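Since the structure comes first, as structure tokens, the remarks are kept for the end.
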There are 2 protein chains.
Amino acid sequence: MSLPQSEGPDSQGPHSPLPRRRTGIPEATVARLPVYLRVLGGLAETGVTTVSSDALAVAAGVGSAKLRKDLSHLGSYGTRGVGYDVEYLVYQISRTLGLTQHYSVVIIGVGNLGHALANYAGFASRGFQIVALIDSDPRRVGEDINGLEVRHLDELETVVKEHEVSIGVIATPAASAQDVCDRLVSAGVTSVLNFAPIVLAVPDTVDVRKVDLSIELQILAFHEQRKSAGPPASLEVGAG
Amino acid sequence: MSLPQSEGPDSQGPHSPLPRRRTGIPEATVARLPVYLRVLGGLAETGVTTVSSDALAVAAGVGSAKLRKDLSHLGSYGTRGVGYDVEYLVYQISRTLGLTQHYSVVIIGVGNLGHALANYAGFASRGFQIVALIDSDPRRVGEDINGLEVRHLDELETVVKEHEVSIGVIATPAASAQDVCDRLVSAGVTSVLNFAPIVLAVPDTVDVRKVDLSIELQILAFHEQRKSAGPPASLEVGAG
DNA sequence: AGCGCTTTGTGCACCTGTTCACAAAGTCCT
DNA sequence: AGGACTTTGTGAACAGGTGCACAAAGCGCT
Ligand SMILES: NC(=O)c1ccc[n+]([C@@H]2O[C@H](COP(=O)([O-])OP(=O)(O)OC[C@H]3O[C@@H](n4cnc5c(N)ncnc54)[C@H](O)[C@@H]3O)[C@@H](O)[C@H]2O)c1
Ligand SMILES: NC(=O)c1ccc[n+]([C@@H]2O[C@H](COP(=O)([O-])OP(=O)(O)OC[C@H]3O[C@@H](n4cnc5c(N)ncnc54)[C@H](O)[C@@H]3O)[C@@H](O)[C@H]2O)c1
């Protein structure tokens, strides 16, 4: 019940090389730092001041060697024979990820998913401030969600510029997603988180990450199929 | 505006090796097959019957060589000089992913996110049937969402066995996620999709994939920081 | 002060995945 | 039928990431 963990193998998205601009930090490491950060936060709350790579690795579900190598990319912040100072490490990881600054986020599409996102407390907790909710449906415009008024799509450019939005979250139907994305990019947004099931085309100065539920399920299905096909070793499902 | 795309570099989750049991299909390929499938579905709808690796690759946001190598893992289903038959390829990918069977899904935690998921049409479209919604809050039990009645947590085991549920979706607060997961696993669920921001411990017979919004944003923040730090090439932010 | 214990940081070998580039295979036109 | 053209499938080089295993570094006890 506490095995090395078999988390989602990876996935997220097919993507271009990303030649690692000037950073020495590998993408794979960047993707894990937020996990370490979250675990460290939990430790700090329970009063722990120091943690070993082994303990942290177990809590984060990775191997300890990998964890140490990851941390070594930010510098030498551990003490041999002791471990890492929790508070200091939190600071260093935050700094590395750029979380010492704050980011303005706009959510486009306030339907089922957009509503959930707008009510989600996990945004603000790391310095991501939702500054606007936008929808194209006039019936939704004006609605108050979690203290923010829904604004019309026409105001997208105004809002982006006014609040210096750097991150756009797309939660519209797939059919509108590319249009919305283009407008975000034109308005100056350089990072997009996309929930619509479509591959967005963007200039390569813009980062896109996607969250696709359906893909996750299909990956699970693949492994599920394998499990049921393998072990029994006889007794087929018949219906070929 | 239609560049090679820089989708989310990868990420999803730190995870153990996954020694590739008996399948010849690489994990990275499995993660992309659903994207191809979606694109092919779109093409089929517009009447296209044949597609070249180049065209499909562009639409899927990957390189054509990668796409051909991916497809080559399922067999030789293309025709040289012509391309791939759309319908046949859809079938082959579906079969490979295990989508020719159907999967029963249960959602635990019907709050903001759970509601959105329960209303999401994208589930059923690929053979994933939501058979139950479960919550621990008595006030939510009995509520009707999208034709399904919310049932109490106590009934989890019953429901899982009754419907032969193979996939559990966890949308509870982080604090309850491990408990819920343990119960799902005990009841026989072998695949879990986790939305709670916590690393789940499971036996390695169980697959876990996680979707973590906050991590996605932090990865974007990292690259965002890099962008604003780089170009100017002087003029530091001062406050060290 | 010295010694043994703990734990970090990393060189190295391995492995997975990506990209290039081209021969093999098929189509279509003459 | 033959030849030019298109596109697949893949061998081979490369790149990125993982895990092992251990020397170096710091701690605390005697
Ligand atoms: N609901 C889920 O759980 C879920 C899960 C995964 C992915 N998704 C995806 O997320 C997206 C949103 O899903 P949803 O369930 O919230 O859909 P929804 O239909 O409930 O909401 C979509 C909202 O976007 C608005 N909209 C449409 N076009 C727009 C435009 N051009 N500009 C601004 N707003 C626009 C609509 O008015 C509506 O309010 C879809 O692409 C869906 O595939 C949803
Ligand atoms: N809302 C979002 O957009 C969003 C985004 C990313 C991640 N998440 C994560 O998803 C999870 C759910 O988020 P939410 O916004 O829907 O929260 P929420 O508080 O709105 O809903 C949680 C639901 O889970 C139920 N619940 C609590 N303990 C339970 C248990 N032991 N068994 C069954 N049900 C239980 C609660 O009664 C409630 O209905 C959280 O872990 C959150 O961090 C949410």
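Numbers restart at 1 for each chain; the letters A, B, ... are given by sequence-line order, proteins then strands. Only a predicted model underlies this, so the values are computations on that prediction, with no experimental measurement involved. Excluded from the calculations below are hydrogen atoms, water molecules and symmetry mates; all remaining heavy atoms, backbone and side chain alike, are included.
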Please walk me through it: do A/Val48 and A/Leu40 pass side chain to side chain contact (heavy atoms under 4.5 Å, CB included)? CA-CA 9 Å; A/Val48 176; A/Leu40 286 167; over 6 Å; no
Working note: B/Leu217 + A/Leu193, criterion side chain to side chain contact (heavy atoms under 4.5 Å, CB included); need CA distance, chi angles, decisive distance, verdict. CA-CA 8 Å; B/Leu217 288 173; A/Leu193 181 54; 4.1 Å; yes
Mind running side-chain hydrogen bond (donor to acceptor under 3.5 Å, both in side chains) on B/Glu87 and B/Thr49 for me, showing each step along the way? CA-CA 7 Å; B/Glu87 198 182 350; B/Thr49 59; over 6 Å; no
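For the pair B/Lys66 NZ and D/dG9 P, the computed distance is 18 Å after rounding to whole Å. For A/Ile25 and D/dG17, the CD1 to C1' distance is 15 Å, given to the nearest whole Å. In this structure, OH of A/Tyr84 is placed 9 Å from C1' of C/dT7, rounded to the nearest angstrom. Rounding to whole angstrom units, CD of residue B/Gln92 and C1' of D/dG9 are separated by 16 Å. Here D/dT18 presents its P atom at 10 Å from NE2 of A/His73, a figure rounded to the nearest Å. Atom CG in A/Leu89 sits about 16 Å away from atom P in C/dT7, given to the nearest Å. Taking atom CG of B/Asp70 as the reference point, atom P of D/dT8 lies 14 Å away to the nearest angstrom. With rounding to whole Å, B/Leu74 atom CG is found 10 Å from D/dG9 atom P.
No more than 12 heavy-atom neighbours from other residues, nucleotides or ligands sit within 6.0 angstrom of OH on B/Tyr91.
Here the side chains of B/Val211 and A/Glu216 are in contact, with some heavy-atom distance below 4.5 Å. For the pair B/Arg183/B/Val189, no side-chain contact is recorded, criterion being any heavy-atom separation below 4.5 Å from C-beta on.
B/Thr96 and B/Gln92 share no side-chain donor-acceptor pair at under 3.5 Å. With hydrogens and angles left out, the side-chain atoms of A/Gln129 and A/Ser104 include no donor and acceptor closer than 3.5 Å.
The residue among B/Tyr77 and A/Gly81 whose nearest nucleotide of DNA chain D lies closer to the 5′ end is B/Tyr77.
A perpendicular orientation is assigned to the rings of B/Tyr77 and B/Tyr88, their planes being inclined by more than 60° (bins at 30° and 60°).
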Dump every N/O contact between nucleotides 10-12 of chain D and the protein below 3.5 Å, one line per pair.
residue, atom, partner, partner atom, Å
D/dG11, O6, B/Lys69, NZ, 3.1
D/dA12, N6, B/Lys69, NZ, 3.0

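When heavy atoms are screened at a 4.0 angstrom cut-off, B/Gly63 is found touching no nucleic acid atom at all.
A/Ala177 approaches A/Ala196 most closely through the heavy-atom pair CB-CB, 3.7 Å.
Residue B/Val82 has its side chain nearest to C/dT27 when only C/dT27, C/dG17, D/dT18 are considered.
Note that CZ of B/Phe123 is 4.5 Å distant from CD1 of B/Ile130, once rounded to the nearest 0.5 Å.
The end-to-end axis angle of the helix from C/dA1-D/dT30 to C/dT30-D/dA1, rounded to 10 degrees and based on five pairs per end, is 10°.
DNA chain C is contacted by no residue of residues 45-57 of chain B, taking any non-hydrogen atom closer than 4.0 Å.
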